[in-house]
Amino acid sequence: MTYGSELEFNQKNKAEEFAHNKTIYNRVQKIRSRLIIFYIAPLAVYLPAAVFMGIISYVVAGALDAVIVIPLAAYFAWRGCYNYHDFSLILLIGLLVFNQLLLGFLSPYENRLFYDFNIFGKFSLMHIVLLAIVVTAAVINLKINFDYHKLEEADGFPQFNMRFFEQEMDIIQSGIKDPYQQMMDDRKRNASDSMAGIEFPQNNAETPQEHDVGTMDSI
């Protein structure tokens, strides 16, 4: 295989790789934009509904639960989705699962002095819906984050465009010296360092003119 045909073959393979990675990248971005709806919608509905139910039933603990848990869940979802932070998504799932278990545990011990409202039981049912939607979104988010992290390590990220890639390679190559030129520069630098360390003796002898003048004065 000649150099020209080998170069064309490599460029073709690289172009196919870029096209494949670009397709995956676009799919990741498309899914990510839709996941925002599955995060925001249930969180935005659950928070005011939980606070309202807590107020009318005089069960402040239920409202406080929503006020504390939902902002935390929104923060973890934002980091996991926008910053591709996998551990935030794991924390999001753990937070919602723990809260669901907590609501289920507290439901039988609810104070019914004001209303037989079973607020924690209703919170638990609402939270199951929230849990199902958000956790499903978080699992999908983890999958696309995994694809995104793989793309980060690929050549040409994130444009996956041959023109941009070749420009970047040209910039990198221009910063790499030819081995022969590097050797010559090293020799010049070593020679300069060696010459800088040499001390030349100063000539304190009298000049011929001075010697002649002194001789004539002595006559």
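This structure is a prediction, so every number in the text was calculated from the model and none was measured. These numbers come from the heavy atoms of this one structure, side chains and all, not from hydrogens, waters or symmetry mates.
Taken to the nearest 0.5 Å, the CD1 atom of I144 stands 11.5 Å off from the OH atom of Y25. To the nearest 0.5 Å, the span separating CG on N145 from CZ on R32 amounts to 9.0 Å. Rounding to the nearest 0.5 angstrom, the gap separating the CG atom in L72 from the CG atom in L91 is 9.5 Å. Note that CG of L35 and NZ of K30 are 13.0 Å apart. Values are rounded to the nearest 0.5 Å. The CD atom of Q100 sits 12.0 Å away from atom CG of L95, with the distance rounded to the nearest 0.5 Å. Here I128 contributes atom CD1 and I133 contributes atom CD1; the two are 12.0 Å apart, rounded to the nearest 0.5 Å.
Aromatic ring orientation, Y148 versus Y84: parallel (interplanar angle below 30°, classes split at 30° and 60°). Ring planes of F87 and H85: perpendicular class, angle over 60° (limits at 30 and 60°).
Nearest heavy-atom pair across P158 and K22 is O-NZ, 4.0 Å. The heavy-atom pair separating V97 from L131 by the smallest distance is N-CD1, 3.8 Å. The minimum heavy-atom distance between A73 and L92, with the atom names listed, is O-CD1, 3.4 Å. Counting all heavy atoms, side chain and backbone alike, Y39 lies closest to C81 at CE1-CB, 4.1 Å. When all heavy atoms of A66 and L47 are compared, the closest pair comes out as O-CD1, 3.4 Å. Of all heavy-atom pairs between F157 and E152, the closest is CZ-CG, 3.7 Å.
Contact annotation: the side chain of F38 never approaches that of V134 to less than 4.5 Å [non-hydrogen atoms, C-beta and beyond]. At a threshold of 4.5 Å between non-hydrogen side-chain atoms, the residues V139 and T136 do not count as touching. Here the side chains of V51 and I55 are in contact, with some heavy-atom distance below 4.5 Å. With a 4.5 Å cut-off on side-chain heavy atoms, F18 and D155 count as touching. Here the side chains of M126 and M53 are in contact, with some heavy-atom distance below 4.5 Å. Contact check for F76 versus I90: no side-chain heavy atoms found under the 4.5 Å cut-off. Contact of the K143 side chain with the I31 side chain is not registered, since no non-hydrogen atoms from C-beta on lie closer than 4.5 Å.
E17 and H20 form no side-chain donor-acceptor contact under 3.5 Å, judged by distance and modelled atom types alone.
Hydrophobic cluster membership is shared by I40 and W78, with clusters built from Ile, Leu, Val, Met, Phe, Trp and Tyr side chains linked at under 4.5 angstrom. Residue V45 is not grouped with residue V129 when hydrophobic side chains (ILVMFWY) are merged at heavy-atom distances under 4.5 angstrom, including chains of intermediate members.
Listed for the H127 side chain is no donor-acceptor partner under 3.5 Å among the backbone atoms of L130. The backbone N or O of G80 lies less than 3.5 Å from no partner atom in the side chain of D86, so there is not a single donor-acceptor pair.
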Stepwise side-chain contact (heavy atoms from CB on, under 4.5 Å) check, V69 with L96: CA-CA 8 Å; V69 170; L96 295 180; 4.3 Å; yes
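Screening I140, N141, V135 for a side chain to side chain contact (heavy atoms under 4.5 Å, CB included) involving L89 leaves a single residue, N141.
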